[in-house]
Amino acid sequence: MRVLIVEDDAMMGRATQAGLGELGFAADWVRDGVQADAAVLATRFAALVLDLGLPRLPGLDLLKRMRARGDRTPVLVLTARDAIGDRIKGLDTGADDYMIKPFDLHELAARLRALVRRANGEAAPVIVAAGVTLDPATRAVQFAGNAVELSGREFDVLRELMLAAGRVLSRDQIVERVYTAQEEVESNAIEVHVHHLRRKLAPDLIRTLRGVGYLFRREAADRDCPGGSPGRIPDGKRTP
Ligand code: CA
């Protein structure tokens with residue numbers, strides 16, 4: 001889940017980026033409003049963590065610009081403890097949530113997941129499609145009732161594919177959603193992750209549309225075709 005942190009305080013920005021990274025987010029960090037404006041125009045982030053007091057372009061002005069051009073990216077505003085006026089202005093300008101500094105990283109992560117879930121029109125925190133159950137909070141995956149062990153990046157790719165179940169995602173869209181701007185991405189990286197996901201889950205869960213992208217099935221495959229193979233057993237590792 002790709003998020004943008006907009007924070008001019010270097011210590012705070014660095015710590016938030018590292019912390020969210022450890023919690024499974026692909027977190028980019030910029031230090032002023034103008035850089036942030038350029039970043040949100042170039043990249044579709046799942047959510048923004050926005051400080052209000054920023055050089056060059058204040059957080060509220062950035063938020064106004066985004067909403068004025070129809071950008072509906074969920075925005076969580078960071079404010080000082082005593083700045084009630086800022087929080088009200090932030091929410092009225094189009095922020096979706098706020099947190100007071102200093103904040104707990106786990107709470108920030110949970111609030112971001114909730115914002116993204118609501119933005120995707122999902123009511124339940126756990127994503128279920130085609131027999132796969134994926135919990136973005138615990139990063140646990142089950143297929144046909146069995147726990148499946150995935151690498152961090154395999155999990156990220158699976159989550160994006162499942163969020164888009166029934167729709168095609170291009171390779172570039174997946175890369176944009178699971179890697180930060182600083183990361184080097186091998187040209188076949190997504191192909192490799194999808195290959196591993198098929199091996200650990202089931203070969204027919206993810207379709208490749210040559211030259212277009214990848215499609216996660218919305219429904220479970222029909223497993224009782226006449227004379228066909230018996231029910232598919234996932235070969236992913238099971239947790240004890
Ligand atoms: Ca600031």
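When reading the values below, keep in mind they use all heavy atoms of this one structure, side chains included, and skip hydrogens, waters and symmetry mates. Whatever order the structure lists ligands and atoms in, that order sets their numbers, starting from 1.
For the Ca ion (ligand 1), protein N, O or S atoms under 3.0 Å: 3 in total.
By the 4.0 Å N-to-carboxylate-O rule, Glu154 lies too far from Arg159 to be salt-bridged with it. The pair Arg69-Asp37 meets the salt-bridge criterion, with a side-chain N (NZ, NE, NH1 or NH2) lying under 4.0 Å from an Asp/Glu carboxylate O. Here Glu122 does not pair with Arg113 in a salt bridge; the nearest charged N to carboxylate O distance is not below 4.0 Å.
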- request: Report the C-alpha distance between Asp8 and Arg31 in whole Å, list the side-chain angles of each, state the deciding distance to 0.1 Å, and finish with yes or no for salt bridge (Lys or Arg N to Asp or Glu O under 4.0 Å).
  value: CA-CA 4 Å; Asp8 59 323; Arg31 297 167 77 154; over 6 Å; no
task: Please assess Thr73 against Asp71 for the test side chain to side chain donor-acceptor pair (under 3.5 Å), listing each intermediate value before the final yes or no.
output: CA-CA 6 Å; Thr73 307; Asp71 186 331; 2.5 Å; yes
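Using a 4.5 Å cut-off on side-chain heavy atoms (C-beta onward), Met12 and Thr16 make contact.
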